[in-house]
Enquirer: 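Here it is, the structure in full.
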Amino acid sequence: MKQIALDIGLATGPTLASFFPGPNEAALRHLEIWVGQKSGPVARSPVPTYLWGSSGSGKTHLLKAVQVALREQGASVGWLDATMQEPPEFNENWAAVLMDDVHLYTAVQQHAAFNWFVNAQTHQRWVLGAGELPPADLKLREDLRTRLGWGHVFHLQVLSEPERRAVLRKAADARGIFLGDDVMDYILTRFSRDLGHLMELLDLIDGYALQTKRGITIPLIKSMMENT
């Protein structure tokens, strides 16, 4: 069948405001205060922060949301994740260093992360890290592992099904689209319940509905899956 290219350029990126905290309220408030969204301009603490939790708990969303918030303030940040085979050198102009999926880091990435951490401490820059394991259980070089765990540590919980439903509803409302209860049930029972995947799916459905000029229904979703 003819493959339809989907335009998802209208999708909104991760923000702190779009994060549904559920049981993770403390972590969200901590990040909002640090970037100045709740308390106005503040003297930012260089004490590192580490978020940990299983896949789908929102770690990457929060790191990218912090990156967006700081960039909107005109600040540049360092970003390191497990896909970056050749991490760049530390940049003194960075306002913060963000390290995602640290539990997957190779020896090269661990070396870069440690170097970034030492330089960040020297220049009084914040480090925000995230991984699936608590600091004590990370299989990383000891000097990096201990640094990730000495500051603020938050355990992120995966949202319950009612909470995931609320997130999906909020995201749909933000896009100005209507999801009937039958469509919501279909999405939550037939697709991955990981929040990141759900948001990507919503982007695809929205783009397909716009391109085909149809309302969002179960038949539309089935058609999308058959044609893409």
Enquirer: Please answer: with hydrophobic residues joined when any side-chain heavy atoms are less than 4.5 Å apart, are F114 and L133 in the same cluster?
Expert: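 Unlinked, F114 and L133 end up in two clusters.
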Enquirer: Count the heavy atoms belonging to other residues, nucleotides or ligands that lie under 6.0 Å from NE2 of H111, then report whether that count exceeds 12.
Expert: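 No, the 6.0 Å shell around NE2 holds no more than 12 heavy atoms from other groups.
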Enquirer: Walk me through whether V66 and W126 qualify under side-chain contact (heavy atoms from CB on, under 4.5 Å).
Expert: CA-CA 12 Å; V66 166; W126 186 45; 3.9 Å; yes
Enquirer: Show every salt bridge (Lys or Arg N to Asp or Glu O under 4.0 Å) that has at least one partner inside residues 143-156, sequence neighbours left out.
Expert: R141-D143, E142-R145
Enquirer: Of the non-hydrogen atoms in A113 and Y105, which two are nearest, and what is the gap between them?
Expert: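 Of all heavy-atom pairs spanning A113 and Y105, the closest is CB-CE2, 3.9 Å.
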Enquirer: Taking C-beta and beyond as the side chain, do L16 and V68 meet within less than 4.5 Å on heavy atoms?
Expert: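 L16 vs V68: side chains apart.
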Enquirer: Flag the pair T146 / P135 as yes when at least one side-chain heavy-atom distance between them is below 4.5 Å, and no otherwise.
Expert: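 Counting from C-beta outward, T146 and P135 never come under 4.5 Å.
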Enquirer: According to ring-ring contact (aromatic ring centres under 6.0 Å, His included), who are the partners of W79, at least two apart in sequence or on a separate chain?
Expert: none
Enquirer: Supply the members, apart from F178, of the Ile/Leu/Val/Met/Phe/Trp/Tyr cluster built from side-chain contacts under 4.5 Å; use none for a lone residue.
Expert: none
Enquirer: Is any side-chain heavy atom of S55 less than 4.5 Å from a side-chain heavy atom of E132?
Expert: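 Sidechains of E132 and S55: in contact.
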Enquirer: For L104, give me all partners under side chain to side chain contact (heavy atoms under 4.5 Å, CB included), at least two apart in sequence or on another chain.
Expert: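 Listed in chain order: A82, D101.
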Enquirer: Contact between L198 and V167 at the side-chain level, heavy atoms closer than 4.5 Å - yes or no?
Expert: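 No; the side chains remain at least 4.5 Å from each other.
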Enquirer: Nearest 0.5 angstrom please: M84 CE to T106 OG1, how far?
Expert: 11.0 Å
Enquirer: How close do S57 and N24 get, counting heavy atoms only, and between which atoms?
Expert: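 Nearest heavy atoms, S57 then N24: O-ND2, 4.0 Å.
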Enquirer: Applying side chain to side chain contact (heavy atoms under 4.5 Å, CB included), can you list everything that pairs with S160, at least two apart in sequence or on another chain?
Expert: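 By the side chain to side chain contact (heavy atoms under 4.5 Å, CB included) rule, S160 matches P162, E163.
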Enquirer: With sequence neighbours excluded, what pairs up with D100 under the side chain to side chain donor-acceptor pair (under 3.5 Å) test?
Expert: T60
Enquirer: Identify the two heavy atoms, one from R164 and one from V158, that lie closest to each other, and give their separation to 0.1 Å.
Expert: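 It is NH1-CG1, 4.1 Å.
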Enquirer: To the nearest 0.5 Å, what is the distance between CZ on F154 and CG on L28?
Expert: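 One gets 10.0 Å once the value is rounded to the nearest 0.5 Å.
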Enquirer: Please report the C-alpha distance between W34 and T49 in whole Å, then the side-chain angles of each, then the deciding distance to 0.1 Å, and finally whether the side-chain contact (heavy atoms from CB on, under 4.5 Å) criterion is met.
Expert: CA-CA 10 Å; W34 199 93; T49 300; 5.9 Å; no
Enquirer: Minimum heavy-atom separation for V102 to G131, with atom names?
Expert: CG2-CA, 4.1 Å
Enquirer: Distance from L220 atom CG to Y208 atom OH, nearest 0.5 Å?
Expert: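 Those atoms lie 6.0 Å apart.
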Enquirer: Quick check: do V183 and I205 have side-chain heavy atoms less than 4.5 Å from each other?
Expert: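 V183 vs I205: side chains apart.
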Enquirer: Can you name the residues that form a side chain to side chain donor-acceptor pair (under 3.5 Å) with D182, not counting sequence neighbours?
Expert: none
Enquirer: Are L140 and L148 close enough, and set up right, to give a side-chain contact (heavy atoms from CB on, under 4.5 Å), and what steps lead you there?
Expert: CA-CA 10 Å; L140 302 175; L148 287 168; 3.8 Å; yes
Enquirer: Can you name the side chain to side chain donor-acceptor pair (under 3.5 Å) partners of E25, sequence neighbours left out?
Expert: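 E25: side chain to side chain donor-acceptor pair (under 3.5 Å) contacts with R29.
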Enquirer: Closest approach of K59 and A130, non-hydrogen atoms and distance?
Expert: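 Reported closest heavy-atom pair: CB-CB, 4.0 Å.
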Enquirer: Would a 4.5 Å heavy-atom cut-off, applied to side chains only, mark V47 and W150 as touching?
Expert: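 Yes. Closest side-chain heavy atoms under 4.5 Å.
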Enquirer: Which residue, M199, Q67, H61, forms the side-chain contact (heavy atoms from CB on, under 4.5 Å) with P14?
Expert: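 Among M199, Q67, H61, the one that satisfies the side-chain contact (heavy atoms from CB on, under 4.5 Å) with P14 is H61.
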Enquirer: State, with a plain yes or no, whether a side-chain heavy atom of T122 is found less than 4.5 Å away from one of F90.
Expert: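 In short, these two side chains do not touch, never coming nearer than 4.5 Å.
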Enquirer: Could you pull out the closest heavy-atom pair between Q85 and V108, with the gap in Å?
Expert: O-CG1, 3.9 Å
Enquirer: State plainly whether one hydrophobic cluster holds both V118 and L144, where clusters connect Ile, Leu, Val, Met, Phe, Trp and Tyr through side-chain heavy atoms under 4.5 angstrom apart.
Expert: no
Enquirer: Drop me the distance from L138's CG to Q110's CD, to the nearest 0.5 angstrom.
Expert: 9.5 Å
Enquirer: At what distance, to the nearest 0.5 angstrom, does CD1 of I216 lie from CG of L210?
Expert: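 Separation between the atoms: 8.0 Å.
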Enquirer: Evaluate the side-chain contact (heavy atoms from CB on, under 4.5 Å) criterion for residues L202 and L179: first the C-alpha distance (whole Å), next the side-chain angles of each, then the deciding distance (0.1 Å), finally the verdict.
Expert: CA-CA 10 Å; L202 186 60; L179 295 182; 4.1 Å; yes
Enquirer: Quick one: list whatever passes ring-ring contact (aromatic ring centres under 6.0 Å, His included) with H152, sequence neighbours left out.
Expert: H30
Enquirer: I'd like to check the side chain to side chain donor-acceptor pair (under 3.5 Å) partners of D185; sequence neighbours left out, ordered by chain and number.
Expert: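 Expected list: R165.
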Enquirer: Please round to the nearest 0.5 Å and tell me the distance separating atom NZ of K222 and atom OH of Y186.
Expert: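 If I round to the nearest 0.5 Å, the distance is 5.0 Å.
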Enquirer: Let me have the donor-acceptor pairs involving side chains of residues 91-99, under 3.5 Å, with sequence neighbours excluded, atom names and distances please.
Expert:
{"unit_1": "N91", "atom_1": "OD1", "unit_2": "N93", "atom_2": "N", "d": "2.8"}
{"unit_1": "N91", "atom_1": "OD1", "unit_2": "N93", "atom_2": "ND2", "d": "3.4"}

Enquirer: Listed by chain and number, what are the salt bridge (Lys or Arg N to Asp or Glu O under 4.0 Å) partners of R169, not counting sequence neighbours?
Expert: D181
Enquirer: Between E161 and L188 (side chain of the first, backbone of the second, donor and acceptor by atom type, cut-off under 3.5 Å), is there such a pair?
Expert: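 Not at all, since once roles are kept as given, no pair shorter than 3.5 Å links the two residues.
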